[in-house]
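Presented below is the structure to which this report refers.
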Amino acid sequence: MRSGELRQRAIFQRPVRVVSGTGEETVTYQDDFQASVGIKGIRGVMVENARQVAPNSTHKIMLRFMKGRVLNETHRVLIGCNQYDVIHVDEIMLKGRYWEVHVKQRMGADGDKTSY
């Protein structure tokens, strides 16, 4: 992977549970880290390969591995106005070089710009 392919800026958020004064628990998201990523929609032959790993994924995100950072299925990704839920994280290309993240795009009031 060339560095020029990682031209989108993404914010990775982790869930935080907040308990209100009445004892009601809600989940909000807090920024965890930012990274330059490459994102591609899953189409054609990639769909069949992706179904074996993450059947519900709509996109694949590539980013450099970040030592000391944790990235897992609880995270959410923001790229521009779009939100993505992390479905599967795979470390590829000689351990510790890249993460391949399968994500599902959120639709609706919280997820796409058509609802604004």
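Rounded to the nearest 0.5 Å, atoms CD (E100) and CG (D90) are 6.0 Å apart. Summarising the geometry, atom CD belonging to Q105 is positioned 5.0 Å from atom NE2 belonging to H59; distances are rounded to the nearest 0.5 Å. The line from CZ of R17 to OG1 of T28 is 10.0 Å long, rounded to the nearest 0.5 Å. Put simply, CZ on R106 and OH on Y84 are 12.5 Å apart, with the number rounded to the nearest 0.5 Å. From Q8, atom CD reaches atom CE of M62 across 14.5 Å, with rounding to the nearest 0.5 Å. Atom-to-atom distance recorded for R97:CZ and R64:CZ is 9.5 Å, nearest 0.5 angstrom.
Side-chain contact, D31 with Q13: a donor N or O sits under 3.5 Å from an acceptor N or O. Between R9 and S36, the side chains place a donor N or O and an acceptor N or O closer than 3.5 Å (distance only, hydrogens not considered).
Linking Ile, Leu, Val, Met, Phe, Trp and Tyr residues whenever their side-chain heavy atoms come within less than 4.5 Å places F65 and V77 in a single cluster. Grouping the Ile, Leu, Val, Met, Phe, Trp and Tyr side chains by contacts below 4.5 angstrom, directly or via other members, places L71 with M66. Transitive grouping of hydrophobic side chains (ILVMFWY, heavy atoms separated by less than 4.5 Å) keeps V103 and I11 in distinct clusters.
Shortest non-hydrogen contact noted between I79 and V37 is CD1-CG2, 4.0 Å. Here the closest heavy-atom approach between residue T58 and residue K104 is recorded as OG1-CA, 3.5 Å. For the pair E73 and V89, the tightest heavy-atom approach, listed with the atom from each and the gap, is OE2-N, 3.6 Å. Nearest approach of H102 to S57, heavy atoms of both residues: ND1-OG, 3.6 Å.
Side-chain contact between W99 and R69 is present, with at least one heavy-atom pair separated by less than 4.5 Å.
Ring geometry, F33 versus F12: the interplanar angle falls under 30°, so the pair is classed parallel (tilted spans 30 to 60°).
Other residues, nucleotides and ligands place no more than 12 heavy atoms under 6.0 Å from the CD atom of E24.
For V70, the side chain to side chain contact (heavy atoms under 4.5 Å, CB included) criterion is met by N72, not counting sequence neighbours.
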